[in-house]
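Here the structure comes first, spelled out in structure tokens, and everything after it is commentary.
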Amino acid sequence: MDDQDNLQAMRHSLAHIMATAVTTLWPEAKLGVGPVVENGFYYDIDLGEATISEEDFPKIEAEMKQVIAADLPFEKSEKSIDDAIAWAQAAKQPYKEELLNDLKRTGTTVAKDLDSAELGLPTDGASQVESVSFYKNGGFTDLCRGPHVTSTGKVGAFKLMRVAGAYWRGKEDNPQMQRLYGVAFATEEELQKHLGLLEEAKKRDHRKLGKEMDLFTISDLVGPGLPIFTPRGTILRNQLIRFSEELQEAGGYQAVWAPHMSRVDLYKTSGHFDKYPERFDVSSVESSDAFMMKPMNCPHVTQIYASRPRSYKDLPLRYMETTTMYRDEKSGELHGLSRVRALTQDDSHAFVRQDQIELEMQSIVSMVKQLYMTLEMELDVELSFRDDTDKYFGEPELWAEAERILEKVAKDEELNYKVEHGEAAFYGPKIDIFVSDALNRRWQCATIQLDFVQPERFGLEYTDADGSAKRPAMVHKAMLGSIERFLSVYIEHTAGRFPIWLSPEQVRIITVNQTEPVVVFADKIVTLAKELGVRTYVDNSSESVGKKIRNAEVAKVPYTLVIGDKEITSNQVIPRVRSDLVVIAAHPELPVEDFIKTVANESKSRVNKTSL
RNA sequence: GCCACCUUAGCUCAGUUGGUUAGAGCAUCGGUUUUGUAAACCGAGGGUCGUCGGUUCGAAUCCGACAGGUGGCUCCA
């Protein structure tokens, strides 16, 4: 057993020890599942009327420590499936009984959040389950495949972290259990290191940095999930949008524009209306028609396509639009900029012929790669395909073809991807690109979607070379995805230390004193910077130079110039460079004009390091 | 929406078992200082303790509802 396996066994054993402690303290506790997760473990527990809160943790931890101190062996045993069911009934463990019954009937459990290691499933995954294994430590016995550590004393260091609600088997209409999360490591040092990392992650939380760096704000009066952007945040936003749009223009996309609301009928035709009830109705329109805010853009765009007859020679027809849409997310799902009710997408839709799909997908993927490479972010790619349920529209043959094309493109473009069945949109399969925030939570950003369904539902056509009417396919794409969500991840990714081209303020000019020649010289630099499109701010305040330097540092401004008599005499400056941008150790003295020009060039070429 | 928890000044936080005019640092404003590469000094303003209701002689403190938030669950076109 290597260290990694051993750590897994420790964490899994701790889940059992926690369950032991909880059932000692609350004998009526009904147990769900208790698998290993990243950095630790959890156990789902139903206490009926009672609830566990974080205040109970010291008591549970004390109980767990007793079990650990007793160093009781984990003893494995086998039972036939029917004996196991009888055991669950006798032990009054209805959730275990349900799992065992499903196991007997189908050979599997379909629970989404269930780690198969938690079950007593035979390791070869045979469909016919004859027997299941149990592990016993002291007076506590649990259905479990294992493996475990040899005895309860060998579990390393742990800490209970929090309690959360979790629906039994991940289904909203099932009873909600309490999920107790713990973290665990082989040694106390590693545990402390992990807790330290969590503290570090807090410091780069985009909600905290967004406030500190004056990028955006969320007002109760405006409403939850409706972030508003300050001048600084808007510069950041617009720089990213401009980059996305420049890439798309180079790729043959034409900008279009559509209003932010429409008749409800638009979404009834597209199929979105019945699929997604989370919409914002516009109720007071003086008309018998119902209107709503747009939750997506594609239906609008189909109407641009449909506005005139199209020839096979017109395709591909590529439309792009950076625009805001509105989705009524449930209150508990809102999260800073990551999950909002008003989201802005760098959205695009290409209408293509069947024979153009693959090439189009390929060029989009390479565009996405270029964007993320420039931003120095890793691509974490998922191919979201359909499953066997009936929630998808369209012919199965078309789906199979679409999925084949997506996978081929992913292979050809050497994407490091995983296939996820059941994650497709109702109208087609997707290539989804995920990025991770400071706490390692994955968020979907870029998405590329192949769609045969909406052209069908809107009756879109083009005239082919032989004069026959043909149906185009539609390729949806968003590269940054939701700008808001992208920013949330990007702020955490960079800890607010943006590259020069994205920095809301690129050069901070600090005056040594407020005498007239100094102020005039600072103004001269600002005028020059403005002409070249460099974003500057002059700190003329009567603070000490040390304080002003510190303020510039805290604001994470890439370059700082201290201006005094020396600079006026020589017309040269010594730029102070933010530490993460430095590539050359020496900071040369530069003529003022050269310095500003260099910053302007760096900004234009979107470099991540400085050449100063 | 569901579960647990949180909400005191613009921000970060004190505030004893319910007991007089609720404190600090930073920020802001005013004054002094005119500063050379990570925090000058003095002073002032700023709070219906998230909101509403209840218990009590008395509530920031106890109870309830609501709102907002945090971590999960569910959902994510």
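Each chain gets a letter, A, B and so on, in the order its sequence line appears, and its residues count up from 1. Being a predicted model, the structure only gives us computed values, none of them experimental.
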Between the protein and nucleotides 40-44 of chain B, which nitrogen or oxygen pairs come in under 3.5 angstrom?
from   : atom 1 : to       : atom 2 : distance (Å)
B:rA40 : OP1    : A:Ser544 : OG     : 3.3
B:rA40 : OP2    : A:Ser544 : OG     : 2.5

Could you tell me whether the phosphate oxygens of [N], OP1 or OP2, come under 4.0 Å of any side-chain nitrogen or oxygen in [X]?
X	N	answer
A:Arg576	B:rG36	no
A:Arg162	B:rC3	no
A:Arg207	B:rU70	yes
A:His335	B:rG71	yes

Give me the distances for all protein-to-nucleotides 62-67 of chain B N/O pairs that come in under 3.5 Å?
none

- Side chain of A:Arg339, base of B:rC75: donor and acceptor closer than 3.5 Å? yes

- Message: Quick check: any donor-acceptor pair below 3.5 Å linking the side-chain of A:Tyr167 to the base of B:rG72?
- Response: no

- Note on the structure: Scoring nucleotides 45-52 of chain B by protein non-hydrogen atoms under 4.0 Å (B base, S sugar-phosphate only, - none) yields --------

- Task: Any chance you could list the contact pattern along nucleotides 9-18 of chain B? Use B for base contacts, S for sugar-phosphate-only contacts and - for none, protein heavy atoms under 4.0 Å, 5' to 3'.
- Result: ----------

Using the salt bridge (charged side-chain N to carboxylate O under 4.0 Å, His left out) criterion, which residues pair with [X]? Sequence neighbours excluded.
X	answer
A:Glu278	none
A:Arg341	A:Asp328
A:Lys430	A:Asp432
A:Lys294	A:Glu321

- Note on the structure: Out of B:rC3, B:rG36, B:rA77, minimum distance to the side chain of A:Lys430 belongs to B:rA77

- Item | Partners passing ring-ring contact (aromatic ring centres under 6.0 Å, His included) against A:Phe595 (at least two apart in sequence or in another chain) | A:Tyr559

- Item | Residues that A:Tyr181 engages under ring-ring contact (aromatic ring centres under 6.0 Å, His included), provided they are two or more places apart |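 A:Tyr181 satisfies ring-ring contact (aromatic ring centres under 6.0 Å, His included) with A:Tyr42 only.
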
- Tell me which residues in residues 294-302 of chain A put a heavy atom below 4.0 Å from RNA chain B, sorted by number, or none. A:Pro295, A:Met296

- Message: Could you tell me how far apart A:Tyr42 (OH) and B:rA4 (P) are, to the nearest whole angstrom?
- Response: 19 Å

- Query: Whole Å only: how far is the NZ atom of A:Lys548 from the P atom of B:rU34?
  - Reply: 14 Å

- Can you run through RNA chain B from 5' to 3' and write each base as (, ), [, ], | or . depending on how it pairs? Watson-Crick or G-U wobble, both distances under 3.5 Å. (((((((..((((.....[...)))).(((((.......))))).....(((((..]....))))))))))))....

- Message: With rounding to the closest Å, how many angstrom separate the P atoms on B:rU7 and B:rG45?
- Response: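 Between the two P atoms, the distance is 28 Å.
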
- Item | Partner of A:Val538 by side-chain contact (heavy atoms from CB on, under 4.5 Å), out of A:Ile525, A:Val507, A:Val526 |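 Option passing the side-chain contact (heavy atoms from CB on, under 4.5 Å) with A:Val538: A:Val526.
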
